[in-house]
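Below is one structure, written out as structure tokens; comments come after it.
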Amino acid sequence: MCEINQKVVNTEVTMEMVLEALAFAAETPVSVAQIRSVYAEVAASDDIPTEEAVQEAVELLNASFEQQGHALRIQKWAGGLRMATTETVAPFLETFFQRERARRLTRPLMETLAIIAYRQPTTKVEVDAVRGVDSGYAIRKLLSLDLLSITGRAEVAGRPILYRTTDRFLEEFGLNDLEGLPNLRQAEELLGEANFDQERLRLLMANGIDHGDQKPVERTSDEDTTI
Amino acid sequence: MCEINQKVVNTEVTMEMVLEALAFAAETPVSVAQIRSVYAEVAASDDIPTEEAVQEAVELLNASFEQQGHALRIQKWAGGLRMATTETVAPFLETFFQRERARRLTRPLMETLAIIAYRQPTTKVEVDAVRGVDSGYAIRKLLSLDLLSITGRAEVAGRPILYRTTDRFLEEFGLNDLEGLPNLRQAEELLGEANFDQERLRLLMANGIDHGDQKPVERTSDEDTTI
Amino acid sequence: MYRVELEDFEGPLDLLLLLINRREIDIFDIPIAQITNEYLAYVQLMESINLDGVADYIYFAALLISIKARMLLPQPEMDAEDDEIDPRQQLVDQLLEYIRYKDAAETLNQQLEQRSRLFTRGKASMPPEVETPEKEVLVKATVFELMNALRLVLEDAPDEETITIVPQQYSIEDQSEHIRRILFTKKRISFHDLVRGQTRSFIVVTFLAILEMAYGHEICILNTFEGNAFMIEQGGITDV
């Protein structure tokens, strides 16, 4: 570690730079004391910078940010220092993050989508059964995102709606067709020897696209009783 | 949304400020297209800023950062823009985070990743063939690190899964796109280097030799996969 | 006698390169007999300490032996153009290709190392917009994430009884009780008869129940030497 440090000391790394970098990269607000000790340790200096020196660096840095028209500021919080954007750019960030969020799928959505992708066409009852929770919201959300569509009604009591994935789904997941989804053997390979029920994976995927000719609901696990 | 926007338009929010704020705040590199459209939407302007305007803002901002002695820069990674600290302050951050040394991947992970990076899209069979060992664990680990992703299945017997590298890979390795990968050198070129047998080969073997204190059987490559 | 530490190599090709390097051998003119002997010594050593992944090494052991045999042919093999075939060519090509990627891996690792010295924004500076994300965990839309979602379904799935596709549910306790009842009247029964015609989960849970009961000396497991069948009977060592 010492060799690396020596290399740096000769370049003029100012207290402002160290403050700026730590306030930017830290996971929790940085205290003035932390900045002083890191600076002294790396600069291998006997003179630990004073608290005033750090406070002064904060003022200088913020003045520089403001003067040069930057959108960043060092903020002083109870717990320490952190970097934040100015009020003026807030609407841009709001718009940006709203879009970001819309582009991602939450875990319930992802689970629902995974089950329907493999068991399609399938019904809400079946998705609920596999997930163990009500998937009504997730299905509605996926329909509105155009990742699922309705493909008819099942010929069973109550004639429940059948769902399948859309072309948009394929596009979003970078697949040419449903055959591009990993098959059972590959799923096992991908997921490794994880701590879940392999048998359940087999059942879940058994009537998926690779064996589309089998009826989903009637299937029980009493074939294949070899041990 | 319109009311908020109106408030902002009167202040002079420059493209540099928006770029700076988004590159600072985003969790992954922001594309130029996103910056352009967020800017146009919030500024409620009919004129969508050009790509050149954004690129120019990057240059201006970085020049300003450098000139004013800031420790931050806008980097072009994975086809987008992201703010990061400069090399000069790295020792301070490493001390602060108590990180002994920079990140590396274990050799099995790195070999697997290199083969896929240069041959993508490619299959596990091909990786296994080049390495001479089973790469199942390495591939799963790289998938879970989001350095690899599945891109479909090959149109050959068994329809094996095709893998490619991700944007995360580009970002972690500081590349803007795959074109930025270092040239894959010819073996003859490598062998032709002075004292290849002694020096280069030894260097390639360095990890293993340096860690002579590790137990062979326990070494299953799952240590030290920090990313 | 061949002193290379086991942790120095990462696979059969790595081992071969190491052996070649140690002898300062020209990779284009490998003395196959010598390298084969050294290689086999390693594989034997690995087998003797039960190292994982020995299977990967066996293939190359076979390849080396076959090259060695072909080298000994009185007449060299010829290709279509009547040029002499070097039996080592395929192996050398593979080694050369592997060297290229080893080199690329090392270069990329340096790149990763360099890049990792540049730090990005930490959580302390997270804008308020992302400080309060939705309660649900956000995941990215990749096929692997899709598979991981399946994994989560499998891990968090409710008990079998609430799943329509697997209506039966068995517990080890229930199966132990079932076995006790049968052994009370029958004294001895084969595993095959015990589970005949039953579902896979019945079989698995029954098997686990038997192991548990045998462990607790409640029953004895008798090997019948007929196929893979075995018998169970009442009483463990207490009966002896």
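Quick note: numbers below take in every heavy atom, side chains included, and nothing from hydrogens, waters or symmetry partners.
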- Message: With side chain to side chain contact (heavy atoms under 4.5 Å, CB included) as the criterion, how do Val133(B) and Leu13(C) come out once you've worked through the C-alpha distance, each side chain's angles and the decisive distance to 0.1 Å?
- Response: CA-CA 8 Å; Val133(B) 292; Leu13(C) 291 170; over 6 Å; no
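- Going from atom OG1 of Thr85(B) over to atom CZ of Arg121(C) covers 13.5 Å, rounded to the nearest 0.5 Å.
- If you measure heavy-atom distances from Leu72(B) to chain C, you find no contacts under 4.5 Å at all.
- Remark: Glu59(B) CD is packed, more than 12 non-hydrogen atoms of other residues, nucleotides or ligands lying under 6.0 Å away.
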- request: Kindly determine whether Lys123(C) and Glu27(B) satisfy salt bridge (charged side-chain N to carboxylate O under 4.0 Å, His left out), including the steps that lead there.
  value: CA-CA 10 Å; Lys123(C) 288 195 183 75; Glu27(B) 306 270 288; over 6 Å; no
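- Ranking Tyr118(B), Phe97(B), Trp77(B) against chain C, the residue ahead of the rest is Trp77(B), based on heavy-atom pairs under 4.5 Å.
- Looking at every heavy atom in both residues, Ala90(B) comes nearest to Arg117(C) through CB-O, 3.4 Å.
- Taking 4.5 Å as the limit, some side-chain heavy atom of Leu112(C) sits within range of a side-chain heavy atom of Leu105(B).
- Taking the side chain as every heavy atom from C-beta outward, Gln111(C) and Leu175(B) approach each other to under 4.5 Å.
- Here the CD1-OH distance, from Ile116(B) to Tyr101(C), works out to 11.0 Å after rounding to the nearest 0.5 Å.
- Neither the backbone nor the side chain of Ile161(B) comes within contact range of chain C, judged by heavy atoms closer than 4.5 Å.
- Both the backbone and the side chain of Leu184(B) come within contact range of chain C, with heavy atoms under 4.5 Å apart.
- Looking at Gln186(B), both its backbone and its side chain come within 4.5 Å of chain C, counting heavy atoms on both sides.
- Only one option out of Arg107(B), Arg103(B), Met110(B), Glu111(B) pairs with Asn109(C) in a side-chain contact (heavy atoms from CB on, under 4.5 Å); it is Met110(B).
- Using a distance-only test at 3.5 Å, with no hydrogens or angles considered, no donor-acceptor pair links the side chain of Arg104(B) to the main chain of Glu113(C).
- In this structure, the portions of Ser144(B) lying under 4.5 Å from any heavy atom of chain C include both its backbone and its side chain.
- By the neighbour-count criterion of 12 heavy atoms within 6.0 Å, atom CD of Gln120(B) is densely surrounded, having more than that number from other residues, nucleotides or ligands.
- Residue Tyr59(C): no heavy atom, backbone or side chain, is found under 4.5 Å from chain B.
- The nearest pair of heavy atoms linking Leu93(B) to Phe119(C) is CD1-CD1, 3.3 Å.
- Shown here for Met83(B) and Thr120(C), the closest heavy-atom pair between the two residues is O-CG2, 3.7 Å.
- Within 6.0 Å of CD on Gln114(C) lie no more than 12 heavy atoms contributed by other residues, nucleotides or ligands.
- For a residue to count as touching a neighbouring chain, one of its non-hydrogen atoms must lie under 4.5 Å from one of that chain's; by this rule Arg131(B) touches chain C with backbone and side chain alike.
- By the neighbour-count criterion of 12 heavy atoms within 6.0 Å, atom CG of Asn183(B) is sparsely surrounded, having that number or fewer from other residues, nucleotides or ligands.
- Per-residue heavy-atom pair counts under 4.5 Å with chain B were compared for Leu95(C), Leu96(C), Leu118(C), and the maximum is reached by Leu118(C).
- Looking at Ala129(B), only its backbone comes within 4.5 Å of chain C, counting heavy atoms on both sides.
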